[in-house]
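Here's the structure we're looking at; comments come further down.
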Amino acid sequence: MDKSLHPHPRLWQDSRLLSILASASLMVMAGAVIAPILPAVITDLGIEPSRGTSLVSLHFLTVAIATPLFGILADRVGQQRLLLVALVTYAIVGMAGGLVQEIWPLYVLRALLGIASGGIAAAGLGLIGKLYQGDTRTQVIGYVSTTLTLANIVYPLLGGLIGMINWRWAFGLYGLGLVFAVWVRVSGRSGRRVEPIVNTAAGPPPPFKKLITQWPTLRLLLSLILTTGTVYAMIAYFPLYLKTTLAAGTPMIGGMLAIQAVGAALISAIGIRPLGRRFGNLGSVGLGLGLMGGLLILIPSLNQWWAIALVSIGFGMGVGIVMPNLYDALAKVAPPELQSSILAAGTGSGFLGQFLSPIVLGIVLAHSSLATVFYVAAAIDLGLGILLLASR
């Protein structure tokens, strides 16, 4: 029996997996900590609001650029070594943001924070690709997706609470990178180990440039860009809809976003493996996108809280189906020697989608209505889902 195929309950006893999940959560922290304290930062540093808002999204661009490059580096120097360096750099650069007195040094630090986040993403997913296979890898990537969803809830709350004392103190949360670096180091030595994959095929692996330009790979990368763009629409425009249409307060908006994580967690725990076995990666992705698109269409017509809650849970379940299967499909198209590189390219594509989404959907909102934003996002999900189902 393959040592990598741990029974599902035992995964949570794997200290190495837990350290990777904790490290992955820092990718979300990059923007989640500064978002709730941004008004105070803008006021204290005397920043023009139109310029200051880019502090939240600037790192998306540098993550998108840096992650594929770090994926190639991880395959050469080792995933754990890169992860340790990226975590330490993340902590130092992140905490330094609390010391700045002007906007331009903060811009530079935010860009560097995105680069460090790219290293964490490339090394973390690379480790998962090396350590787990088959259904277990799909399950683990599902845990990563759920971790990121939960982190999107927890870190803004922590940043806001600490920022109430002084916004500069909130930057101290980035110091968790040092804590997680120690955890990764210790768990790599004493935690449960899983044998890495060894490529026994004859001949060298195909060049990375050739692999990433093949249609099966490009199709998955484009799918990640489009999917993460529509997920960002839900994160950014759903709260706006709740506030402007239903006069929802901050606690209710936070609750509606939080239960999306419940849906993602539920499907990760009980649904990922059965769906994967029944429909395969692309079939599962198509079904998940269909669920996401159908629920996005419903949002503009909702006016009862119980219906909104059901839609939030269902959308979280759709995301919980789509993202792990897309990354698992990416891992399958690459030989073991290039898995870090190809998974990092996928992560970069995901962050690129998040960076482009507010630009594209912002144009839609400026020329139409909030309802149209949801319809456009739904059309993207449904169209992509149909194409992927047809190409199984």
Side-chain angles (χ1 to χ4, degrees), residues 3-30 32-33 63 67 70-71 73-75 77-95 113 115-133 136-155 158 172-197 261 264-265 268-269 272 323-324 327-328 331 339-340 343-344 346-347:
K3 295 181 181 180
S4 67
L5 302 181
H6 293 310
H8 164 67
R10 294 175 61 193
L11 282 173
W12 289 106
Q13 300 172 16
D14 186 347
S15 61
R16 198 169 196 183
L17 170 60
L18 296 178
S19 69
I20 295 172
L21 293 178
S23 300
S25 73
L26 298 182
M27 294 187 294
V28 170
M29 180 192 275
V33 166
V63 171
T67 305
F70 279 126
L73 182 63
D75 283 325
V77 305
Q79 290 78 19
Q80 178 158 314
R81 181 180 300 175
L82 176 60
L83 181 57
L84 290 171
V85 173
L87 287 169
V88 173
T89 304
Y90 180 97
I92 295 172
V93 171
M95 290 189 293
L113 189 66
I115 293 173
S117 298
I120 294 172
L125 279 175
L127 274 174
I128 288 173
K130 293 285 186 181
L131 300 175
Y132 303 95
Q133 284 298 293
T136 303
R137 181 173 58 201
T138 309
Q139 188 82 53
V140 168
I141 296 176
Y143 290 152
V144 174
S145 179
T146 302
T147 299
L148 297 180
T149 305
L150 293 172
N152 255 320
I153 300 166
V154 174
Y155 286 144
L158 290 176
L173 286 170
Y174 293 115
L176 283 174
L178 295 175
V179 178
F180 294 160
V182 174
W183 191 3
V184 167
R185 178 67 173 174
V186 172
S187 64
R189 289 181 170 182
S190 60
R192 172 176 297 164
R193 294 178 179 272
V194 185
E195 293 299 323
I197 314 157
S268 294
I272 287 292
M323 299 306 290
Y327 278 108
D328 191 47
Q339 279 188 349
S340 293
L343 288 172
T347 305

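Treat the numbers as computed from the prediction; the structure is a model and nothing was measured.
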Write down the atom of [X], the atom of [Y], and the distance for their closest heavy-atom approach.
X: Ser187; Y: Ser19; result: OG-OG, 3.0 Å
X: Ala116; Y: Ala86; result: O-CB, 3.7 Å
X: Gly346; Y: Tyr327; result: O-OH, 3.6 Å
X: Ala24; Y: Val144; result: CB-CG1, 4.4 Å
X: Gly71; Y: Ala344; result: CA-CB, 3.4 Å
X: Gly119; Y: Phe70; result: N-CD1, 3.4 Å

Is the closest side-chain heavy-atom distance between [X] and [Y] below 4.5 Å?
X: Leu178; Y: Leu87; value: no
X: Leu176; Y: Tyr155; value: yes
X: Gln79; Y: Leu82; value: no
X: Gln80; Y: Arg16; value: yes
X: Val63; Y: Met27; value: no

Donor-acceptor contact present, side-chain Tyr174 to main-chain Ile92, <3.5 Å: no

Backbone of Ile120 reached by a side-chain donor or acceptor of Tyr90 within 3.5 Å: no

Supply the atom-to-atom distance [X] [atom1] to [Y] [atom2], rounded to the nearest 0.5 angstrom.
X: Thr67; Y: Leu343; atom1: OG1; atom2: CG; answer: 11.5 Å
X: Ser23; Y: Leu127; atom1: OG; atom2: CG; answer: 9.0 Å
X: Leu18; Y: Phe180; atom1: CG; atom2: CZ; answer: 11.0 Å
X: Ile20; Y: Ile128; atom1: CD1; atom2: CD1; answer: 5.5 Å

Partners passing side-chain contact (heavy atoms from CB on, under 4.5 Å) against Val93 (at least two apart in sequence or in another chain): Thr89, Leu109, Leu112, Leu113

